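Keep in mind that what you see is a predicted model, and the values were worked out from it rather than measured.
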Amino acid sequence: QVQLVESGGGLVQPGGSLRLSCAASASIFRINTMGWYRQAPGKERELVAKTYIYGSTNYADSVKGRFTISRDNAKNTVYLQMNNLKHEDTAVYYCNTFPIYSEDYWGQGTQVTVSS
């Protein structure tokens, strides 16, 4: 029905940068607000950023000023540019709709590890 494939994670030092990508099915991307979520071990999943169909954005306070979400409607892709990474950013990052309409849509996620 839908497909969400995240990529771009990795191991970086504090202060470093990563750019995450999420390739989405056109059927879901074209009509939905898209968000980036993350979940760290022992913690609940949280929404870190979202972008509306035509590009307006919102951010969690913890990442404001450091992360930038964007979308390319022609490519059905949403991005998360992460700068000035901190240890507390370590988590598995997922993309999905906002709000979550179905728990069946989650992809594999991409691991981001910030370590010195």
Considering all heavy atoms of both residues, which atom of Leu47 and which atom of Gly35 are nearest to each other, and what is their separation? CD1-CA, 4.2 Å

When you measure from the side chain of Thr77 to the backbone of Lys75, do you find a donor-acceptor pair of N or O atoms at a distance under 3.5 Å? yes

Short question: side chain of Tyr59, backbone of Ile69 - any donor-acceptor pair under 3.5 Å? yes

Using only atom types and a distance under 3.5 Å, with no angle test, would you say the side chain of Arg71 pairs donor to acceptor with the backbone of Tyr52? yes

Which pair of non-hydrogen atoms, one from Ser21 and one from Trp36, has the smallest distance, and what is that distance? O-CH2, 3.6 Å

Are Tyr79 and Val63 connected in a single hydrophobic cluster, I mean Ile/Leu/Val/Met/Phe/Trp/Tyr linked by side-chain heavy atoms less than 4.5 Å apart? no

Is there side-chain contact between Thr110 and Leu20, with heavy atoms separated by less than 4.5 Å? yes

Is the NZ or CZ atom of Arg38 both under 6.0 Å from the centre of the six-membered ring of Tyr94 and within 45° of that ring's axis? no

To the nearest 0.5 Å, how far apart are OH in Tyr101 and CG in Asn96? 11.0 Å

Any side-chain to backbone donor/acceptor pair from Asp89 onto Leu85? Under 3.5 Å, distance only. no

Can you say whether the rings of Tyr93 and Phe67 are parallel (under 30°), tilted (30 to 60°) or perpendicular (over 60°)? tilted

Within-4.5 Å side-chain heavy-atom neighbours: Ser62 and Glu88: no

Are any side-chain N or O atoms of Gln13 and backbone N or O atoms of Val114, one a donor and one an acceptor, separated by less than 3.5 Å? no

Check: Ser17/Asn83 side-chain N/O donor and acceptor closer than 3.5 Å: yes

Closest heavy-atom pair and its distance - Ala91, Ala40: CB-N, 3.9 Å

Where at least one partner belongs to residues 55-65, residue pairs that pass salt bridge (Lys or Arg N to Asp or Glu O under 4.0 Å), sequence neighbours excluded: Asp61-Lys64

Within the side chain of Asn73, is there an N or O that forms a donor-acceptor pair under 3.5 Å with the backbone of Ile53? yes

Please check if the number of heavy atoms outside Gln108 that lie under 6.0 Å from its CD is greater than 12. no

Indicate yes or no: at least one non-hydrogen side-chain atom of Met34 is less than 4.5 angstrom from one of Leu4. yes

Going only through I, L, V, M, F, W and Y residues with side-chain contacts under 4.5 Å, is there a path from Phe98 to Val5? no

No-hydrogen, no-angle side-chain donor-acceptor test under 3.5 Å, Tyr37 and Arg45: no

Side chain Ser25, main chain Ser27, donor-acceptor under 3.5 Å: no

Between Asp72 and Ala74, is there a donor-acceptor pair closer than 3.5 Å when you use the side chain of the first and the backbone of the second? yes

